[in-house]
There are 4 protein chains.
Amino acid sequence: MMYVLTPKEKEAKKQLIAAAASKLFQKNDFNQISMAQIAHESGVAKGTLFNYFKTKENIFMYLLLSGYQDYLTEVLQRFQKTENITSWADFSSFILEQNHLLISQRTDLLRLNALRGPILETAADREQTLAGRKKLYEINRKLGQAIAERISLLSVKQASHLFIIQSAIISGLMNMMNLDEFHHDQLPVDFKVFQIDLEQEANQLMLFYLQGLEQKLEGAK
Amino acid sequence: MMYVLTPKEKEAKKQLIAAAASKLFQKNDFNQISMAQIAHESGVAKGTLFNYFKTKENIFMYLLLSGYQDYLTEVLQRFQKTENITSWADFSSFILEQNHLLISQRTDLLRLNALRGPILETAADREQTLAGRKKLYEINRKLGQAIAERISLLSVKQASHLFIIQSAIISGLMNMMNLDEFHHDQLPVDFKVFQIDLEQEANQLMLFYLQGLEQKLEGAK
Amino acid sequence: MMYVLTPKEKEAKKQLIAAAASKLFQKNDFNQISMAQIAHESGVAKGTLFNYFKTKENIFMYLLLSGYQDYLTEVLQRFQKTENITSWADFSSFILEQNHLLISQRTDLLRLNALRGPILETAADREQTLAGRKKLYEINRKLGQAIAERISLLSVKQASHLFIIQSAIISGLMNMMNLDEFHHDQLPVDFKVFQIDLEQEANQLMLFYLQGLEQKLEGAK
Amino acid sequence: MMYVLTPKEKEAKKQLIAAAASKLFQKNDFNQISMAQIAHESGVAKGTLFNYFKTKENIFMYLLLSGYQDYLTEVLQRFQKTENITSWADFSSFILEQNHLLISQRTDLLRLNALRGPILETAADREQTLAGRKKLYEINRKLGQAIAERISLLSVKQASHLFIIQSAIISGLMNMMNLDEFHHDQLPVDFKVFQIDLEQEANQLMLFYLQGLEQKLEGAK
DNA sequence: CATGAATGAGCCTTCATTCAT
DNA sequence: GATGAATGAAGGCTCATTCAT
């Protein structure tokens, strides 16, 4: 590695650190992860962490923001690749597929969503966060545009907003999950009513939402 | 001073402490509230806190569980008082009214929902939590029963589960709120697509869900 | 030791900690003393330190303020005990005796004087400091009063102020001392002109000052 | 870019760095100034700082030593320029003028004096310091010589030493200043007795000292 | 010689929890 | 049962200094 890093290399190291934090976050909760662990996991010194992120919360805010940027970018690519989406039904299927991907591959984002306000924002850097959100907003808009072009019922704004609702639904369901467990241990109960099959419930809720939305928009025409 | 408290007195003091924590939680985030503050606010000594709650997380877990017990009990009472609920449309209206109450009066529960898994369960007491959940489950069931008796389309289980979905929806939307703010400060942006009018969105989502559910259940007959 | 400490006992523990810091300060400079050392030296846990002093700087500010309170109180007692001070010459002798005591027994105060502004005030507690200064001001005034009663040439204010000048002189000379040493090691030089015999120079400077002052005040009559 | 700097260029860069540190020291205390800031202010990289000064403390020790060299050189020039200084009264006036210059233009030196022993010497380089002091001693001697030639009452040594006393007086008074402020904020008090008008008090103290000295020396003849 | 990324010892400080009284 | 003083592990974070390029 060179001794004067190019912006690209700096970004790479930032992601190296973030990746280490992300890996730890897969198995541990935010409070259980220490900067020392992240340093160890990423193979850099503790001080180096602070050259790239002002606070621990910033690392996770970065994870959240860049994670969503990646996710939405992927959604856009998948949308563009899938050219035969024209009807509302096609579109609904597409969205449910994204549900699947979000749930099966990006649980971290959904968990971070719940921590964003009450935990991360209390100590993350405002400007860094602002910059990340702007970027995210832009990607989200582009995605909305691409969708609105093909799905005439939806405005750009409505299409973009749909992904906020998607995350709300899934992370909300996650908040209510596992009430028959305690800190990942099964409790000696059979709370059937409390049980949530995340993907199934998310899909149903999303589907009903899309149906309702279609009717509403059709009616407004 | 008396040397043996009656169970009633003990319960009263427990609630005194919980009430103090609840008050603090209205204005502060979990991490910003210390046991010292709770002791001060409730007028008891720090050590006394631990006679009633094994850990700080337990206090907030208690807040969550007893708060939901109260909420669901109230819902049940309101349901029983409102005798003219018979049709699905009536029922939908009733649920949306409960949305309003939950959003305007029990925001604490929705915020605690987001912390339950990642924060509270890491240090709350398993048995205490288990007991609270059982109670809650019971109340939730009773509510489901009352509803199922009048809304023939819904089984007890389905009716009970609806309130899990309700909390999922609202607390999920809360997770995604205020992306144009940072730690309660307005950001210099106009993220229209990101904006969420909580009650309106919650009502729409709930309504669409109820519509979809009705159709599905009607179809299954 | 009781488990609910009386204010007197709390003050005693505060002084216990301060005394430990003071002892360490005899042999080490401010930056070389850590809170861990102070805890060890005083036989309490590190956390206990912070129950009594909000910051490290506060400990040393306390040392400075309480040390001066003690010093001035002692000066007052000595003044009251020495009844035969009536003339300006008697008074001069008295002051030079105090020089001796300050130099030989309270070097800590003189060293702390130099750190007060640039080091201690950057992190000491404002209110605690303010309270200490007020107390000190009061004692200083009392001393001035006692002196002014017997030395007619001096007003209360002038007499009080004299002790500020005394500290300025001595701590100023300390600032310029040991230029032929480096961190307590003798340098291989013979800087005669730079050498300061602290007590002798302080006495001379004080004496000349008192002489000048006398003439000035006599002239003003 | 050249690979070998001439001694002149090296000296220039050293002073560039020192000037940056000096500028920062005007508004901030020693502990609040970081090497990063000095690097930024001087426009060189952090690592470069260490090519010219072994430690941070060395920078400020250099500031102190070279500053005094400058100051004394200027005093000498002014003395040589002012040819009509012959009597003790003339000389006294001259010294008070130097007080004015030191106080109004070289506050940094007086503040550094207070830090020299307890802060700077703990980590400054011994040899570098020694070299600087020797130079300073030489200049101080020359100044003493020039004075002794014209003021017959004073030996070279006594004349030189006078400037040590001058700094002691002024930096000592600075140690005791602003007791009615806290970290540059006015306190809500009116500590008249504690107040010090630096230049006036310094002049009075210096004047009385010079008067006393004259009498003593006259008497010794 | 200059650079600035990396270092990591060391710092102060917090705070939930304990426990002697 | 109540108290609050004492605890001390654990934490995030700073920053002078190093050194590979």
Side-chain angles (χ1 to χ4, degrees), chain A residues 1-5 9-10 13 31-39 43-59 123, chain B residues 1-5 9-10 13 31 33-40 43-59 123, chain C residues 1-5 9-10 13 31-39 43-59 123, chain D residues 1-5 9-10 13 31 33-40 43-59 123:
Chain A
M1 185 165 286
M2 272 182 281
Y3 261 67
V4 178
L5 302 187
E9 288 167 325
K10 291 185 84 165
K13 180 152 279 189
N31 279 336
Q32 292 164 353
I33 299 171
S34 71
M35 291 300 263
Q37 279 176 58
I38 297 173
V44 305
K46 232 195 302 183
T48 305
L49 261 39
F50 292 88
N51 290 342
Y52 292 87
F53 297 97
K54 287 185 192 163
T55 62
K56 178 186 167 190
E57 282 78 8
N58 253 335
I59 298 181
Chain B
M1 182 156 283
M2 63 204 94
Y3 284 84
V4 178
L5 297 188
E9 287 167 327
K10 291 186 79 167
K13 184 157 279 187
N31 277 338
I33 299 171
S34 68
M35 291 300 264
Q37 279 177 60
I38 297 173
H40 180 81
V44 304
K46 238 195 294 186
T48 305
L49 261 37
F50 291 86
N51 289 341
Y52 293 88
F53 296 97
K54 287 190 189 163
T55 64
K56 178 187 170 188
E57 284 77 9
N58 251 334
I59 298 181
Chain C
M1 186 166 286
M2 273 182 282
Y3 261 66
V4 177
L5 301 187
E9 286 168 326
K10 291 187 83 165
K13 181 152 279 188
N31 278 336
Q32 293 165 354
I33 299 171
S34 71
M35 289 301 262
Q37 280 176 58
I38 297 173
V44 303
K46 235 199 292 187
T48 305
L49 261 39
F50 292 87
N51 290 343
Y52 292 87
F53 296 98
K54 288 184 191 165
T55 63
K56 178 185 167 189
E57 283 77 8
N58 253 335
I59 299 182
Chain D
M1 183 158 283
M2 62 203 93
Y3 285 84
V4 178
L5 297 188
E9 287 167 326
K10 292 186 78 167
K13 184 156 279 190
N31 277 338
I33 299 170
S34 69
M35 291 301 265
Q37 281 177 59
I38 297 173
H40 179 82
V44 304
K46 238 194 298 184
T48 306
L49 261 37
F50 291 86
N51 290 341
Y52 293 88
F53 296 98
K54 288 187 188 164
T55 63
K56 177 186 170 189
E57 284 76 9
N58 250 336
I59 299 181

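Just the heavy atoms: all of them, side chains too, but no hydrogens, waters or symmetry mates, feed the values below. Lettering of chains follows the sequences in order, A, B, ..., and the numbering in each one begins at 1. These numbers were taken from a predicted model, which means no experiment stands behind them.
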Engineer: For the pair made of CG in B:Asn31 and P in E:dT14, what is the distance, rounded to whole Å?
Structural biologist: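 So the CG-P distance, B:Asn31 to E:dT14, works out to 15 Å.
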Engineer: Expressed in angstrom and rounded to an integer, what is the separation of C:Gln32 atom CD from E:dC11 atom C1'?
Structural biologist: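 C:Gln32 atom CD is separated from E:dC11 atom C1' by 15 Å.
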Engineer: With no hydrogens and no angle check, is any side-chain donor or acceptor of A:Lys56 less than 3.5 Å from a backbone partner on A:Ile33?
Structural biologist: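 Checking the backbone N and O of A:Ile33 against the side chain of A:Lys56, a donor-acceptor pair under 3.5 Å is found.
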Engineer: Can you check the B:His40 NE2 to E:dC15 P distance for me, whole Å?
Structural biologist: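 Atom-to-atom, B:His40 to E:dC15, this comes out as 16 Å.
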Engineer: Reckon B:Lys46 has a side-chain N or O less than 4.0 Å from the OP1 or OP2 of E:dT18?
Structural biologist: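 False: B:Lys46 side-chain N/O out of range (4.0 Å or more) of E:dT18 OP1/OP2.
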Engineer: For C:Gln37 and for A:Gly47, find the nucleotide of DNA chain E with the closest heavy atom, then tell me which residue's nucleotide is more 5'.
Structural biologist: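 Closest to the 5' end, via its nearest nucleotide, is A:Gly47.
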Engineer: Quick one: on DNA chain F, does A:Ala36 or C:Val44 contact a more 5' nucleotide (nearest heavy atom)?
Structural biologist: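 Closer to the 5' end of DNA chain F: C:Val44.
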Engineer: Working to the nearest 0.5 angstrom, can you tell me the gap between A:Leu49 CG and A:Ile38 CD1?
Structural biologist: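 Reported to 0.5 Å precision, the distance equals 6.0 Å.
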Engineer: Tell me which residues in residues 48-57 of chain D put a heavy atom below 4.0 Å from DNA chain E, sorted by number, or none.
Structural biologist: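 Listed by number, they are D:Thr48, D:Asn51, D:Tyr52.
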Engineer: Please report the distance, rounded to the nearest Å, between CD1 in A:Ile38 and P in F:dC13.
Structural biologist: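 Atom CD1 in A:Ile38 sits about 11 Å away from atom P in F:dC13.
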Engineer: Please report, rounded to the nearest Å, how far the P atom of F:dA5 is from the CD atom of C:Glu9.
Structural biologist: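 C:Glu9 atom CD is separated from F:dA5 atom P by 10 Å.
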Engineer: Can you sort out the partners of B:Thr48 under side chain to side chain contact (heavy atoms under 4.5 Å, CB included), two or more places apart, ordered by chain and number?
Structural biologist: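 If we apply the side chain to side chain contact (heavy atoms under 4.5 Å, CB included) test to B:Thr48, skipping adjacent residues, the hits are B:Lys13, B:Val44, B:Ala45, B:Tyr52.
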Engineer: What stem regions, each of at least 3 consecutive Watson-Crick or G-U pairs below 3.5 Å, can be found for DNA chain E?
Structural biologist: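 Runs of three or more consecutive pairs: E:2-21 with F:2-21.
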Engineer: E:dC1, OP1 or OP2 - any side-chain N/O from D:Lys10 closer than 4.0 Å?
Structural biologist: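 Result: yes.
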Engineer: Return the minimal non-hydrogen interatomic distance between D:Met35 and D:Lys46, and the atom names on each side.
Structural biologist: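 Taking D:Met35 first and D:Lys46 second, the nearest heavy atoms are O-CG, 4.1 Å.
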Engineer: The side chain of C:Met35 is closest to which nucleotide in this list: E:dA2, E:dT13, F:dA2?
Structural biologist: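 Of the candidates, E:dT13 comes closest.
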